[in-house]
Number of protein chains: 2
Amino acid sequence: MKENISGCSVEAAMSLLGGRWRLLIVSYLLDGPKRFNALRRDIPNISQRMLTLDLRALEEAGLIERTIYPEVPVRVEYCLTLDGQRLQKIVAVMKEFGLWLKEQPYFEKSMNK
Amino acid sequence: MKENISGCSVEAAMSLLGGRWRLLIVSYLLDGPKRFNALRRDIPNISQRMLTLDLRALEEAGLIERTIYPEVPVRVEYCLTLDGQRLQKIVAVMKEFGLWLKEQPYFEKSMNK
DNA sequence: CCGGATCCGAAAAGATACTG
DNA sequence: CAGTATCTTTTCGGATCCGG
């Protein structure tokens, strides 16, 4: 038991989506189903390990679906579930804020460290 | 240089806000200025250390402002800047999602571990 | 090759005792 | 009161290995 998260819904949401990569993964899946390595290319800085872990967490939460096509070589596709598409709005406002943020002098500085 | 964050604005936003507590802190500051220990009470699970660190990061990003009143005992107040109030929309959609999330069977399970 | 799993050192988060 | 210093614990990234 991770204590009383129930107190605040923002905390509940951030516990699931708060990582550095999770919303980013979702944002790329909004375009449609993607394979594991396609996501890796979309997110060059993520490690294989974290991509696996975050995909699993999102899957466990019912936000994305994992489909294995037993071809050779194997193909694994990830896509948003209907529930996962609820995140569209979050991604949209986050993107909007990010665009603004990248214009700020703070951002320039934060890149150099 | 943390590499090419410039590629995606969602990534930029999540680098700043993606932590578990930061948006939560912001959400409480939307109500108005608050003191350090008031925020601690609002967010019972956060450690002193992380509250300090996250407040500093948000301050450095220009989203919140720290004001010291040299009384005895000293009083330190945090409030959102105008820029910080841009986060209102993000908090709102995150809260909405969190409310939904807390209704899901997944959430119940995720609490027990 | 693709999609991982595993192991390890590094970094971040957490607990908490202490201080101006 | 509002932190800092210090120590412990957890998480993360990178390299490597593996089954199909």
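Basis for what follows: all heavy atoms, side chains included, without hydrogens, waters or symmetry-related copies.
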Phosphate OP1/OP2 of [N]: any [X] side-chain N/O under 4.0 Å:
| X | N | result |
| --- | --- | --- |
| A/Arg49 | D/dT11 | no |
| B/Trp21 | C/dG14 | yes |
| A/Arg56 | C/dA5 | yes |
| B/Arg35 | D/dA2 | yes |
| A/Tyr78 | C/dG4 | yes |
| B/Arg40 | D/dA2 | no |

| request: Please check if the side chain of A/Thr81 supplies one atom and the backbone of A/Leu63 the other of a donor-acceptor pair under 3.5 Å. | output: yes

Tell me the interatomic distance from [X], atom [atom1], to [N], atom [atom2], rounded to whole angstroms.
| X | N | atom1 | atom2 | result |
| --- | --- | --- | --- | --- |
| B/Lys34 | D/dC1 | NZ | P | 15 Å |
| A/Arg75 | D/dG19 | CZ | P | 24 Å |
| A/Leu51 | C/dC2 | CG | C1' | 13 Å |

| task | Establish whether the base of C/dA17 is bridged to the side chain of B/Gln48 by a donor-acceptor pair shorter than 3.5 Å. | result | yes

| request: Any chance you could lay out the salt bridge (Lys or Arg N to Asp or Glu O under 4.0 Å) test for B/Arg66 and B/Glu77, step after step, and finish with the verdict? | output: CA-CA 6 Å; B/Arg66 179 169 179 265; B/Glu77 267 190 3; over 6 Å; no

| task | For A/Val72, report the nucleic acid contact type (base, sugar-phosphate, nothing); a contact means any heavy atom under 4.0 Å. | result | nothing

